[in-house]
Amino acid sequence: MTLTVYFPALPAPDTLEQLRPLVVDSVRLSAAPAEAQPEETDILVGGGVTEEQFACSPGLQAVIVPFAGVPFATQTLLRRYPDVTLHNLHFNDVSTAEMALALLLAASRHVAALDRRLRQGNWQWDDEMYPTGTFPGKTAVVLGYGAIGRRLAPVCQALGMHVIGVRRHEPETPQQDGVALYSVAHLAELLPQADVLICLLPHTNETEGLLGAKELALLPDHCLLVNVGRGPVIDEEALYTALADRRIRGAGIDVWYQYPEGEAERSSTYPSHFPFQELDNVVMTPHRGGWLQNFEKLRVAALAELLNAAAAGRAMPNLVDKELGY
């Protein structure tokens, strides 16, 4: 039985060339713009699928979003098609966890600010205004304790921290691998304990604005915040104000509120409506947490795993709940 797979847009120019040797012979691959979408398409691979693509292939069985997270428009569209499953890929959990750790250490030790000063020959530093601490005995609250969180937890423990993992639902067990587990319903009582808050949540209707001014006010003033999940999970203005007023000590941020719309804008787009770039207690990176030199090779390998499962008649991994968005 042939499995027909169509890419409305390729993740990379050589995706098909890399993918073909990894999938079984019964998987037929094609992509725009060189090829039109076959009517018999079984699986669409793309983040931004459209109503027209569904109409073109009435026998469509699944959509694979070739990255972590699912765009709102894709979630909304898929909810109208209960017989079409939705999947995504989780091949970059290690690199995202490493970026979270890098941002945490950089924010804690003022690496970016010290680097900028020393490049100007300036060795001066105000230790009272910019305090530096260590991690042993501190508490790290990991908001969104999934694959990335499970990678981070033992590293935080190795640094001497007590780790609290926060999930959507009440956990079946209160502890796993030395990590205390809670549901998001306990967030108000957990935030005051956070010497470090690491946000790993996807952007969904449920998580948007989960951390607003009220929640950020619960954090200790020495708290370090790291966000490698999605920007809108934390209210944009509330986060800027908390950092500008030094209500919290500092932050490492990789995910944002404003992105370039095209290649021409990539050299001239600030990541927020607020001037985070003017704050000296923030380490900023341009959504690079999941990227690696072999990013596409990892993506293609993960995609091949899903397609080979479908070709063999098995359930594809990484099934996304269309209502929750993850």
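- R246 and D280 are joined by a salt bridge, as a carboxylate oxygen and a charged side-chain nitrogen come within less than 4.0 angstrom of each other.
- E170 and S183 are linked by a side-chain donor-acceptor pair at a separation below 3.5 angstrom, with hydrogens and angles left out of the test.
- Relative ring orientation between Y130 and H110 is described as perpendicular, the plane-to-plane angle rising above 60° on a 0-90° scale split at 30° and 60°.
- Applying the side chain to side chain donor-acceptor pair (under 3.5 Å) test to residues at least two apart or on different chains, the pairs with a partner in residues 8-18 are D14-Q18.
- In this structure, the side chains of L307 and L29 come closer than 4.5 Å at one or more pairs of heavy atoms.
- A donor atom on one side chain and an acceptor atom on the other are found under 3.5 Å apart for R79 and Q75.
- For W256 and Y270, the distance between ring centers is not under 6.0 angstrom.
- Using a cut-off of 4.0 Å between Lys/Arg side-chain N and Asp/Glu carboxylate O, R151 and E98 are scored as not salt-bridged.
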Determine, stepwise, if the pair V5 / V27 fulfils side-chain contact (heavy atoms from CB on, under 4.5 Å). CA-CA 7 Å; V5 180; V27 176; 3.9 Å; yes
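- Listed by chain and residue number, nothing satisfies the ring-ring contact (aromatic ring centres under 6.0 Å, His included) test with H90 (two or more places apart in sequence, or in another chain).
- Donor-acceptor pairing under 3.5 Å is recorded for the side chains of Y259 and H287.
- With a 4.5 Å cut-off on side-chain heavy atoms, I43 and Y6 do not count as touching.
- Take H162 and apply the ring-ring contact (aromatic ring centres under 6.0 Å, His included) test, not counting sequence neighbours, and it matches no residue.
- A salt bridge links R28 to E40: one of the charged nitrogens lies within less than 4.0 Å of a carboxylate oxygen.
- Ring centroids of F295 and F91 are separated by less than 6.0 Å, placing the two rings close together.
- Ring centroids of F72 and H203 are separated by less than 6.0 Å, placing the two rings close together.
- A donor-acceptor pair under 3.5 Å is formed between the side chain of T96 and the backbone N or O of N92.
- Side chains of Q258 and T269: no donor on one and acceptor on the other come within 3.5 Å.
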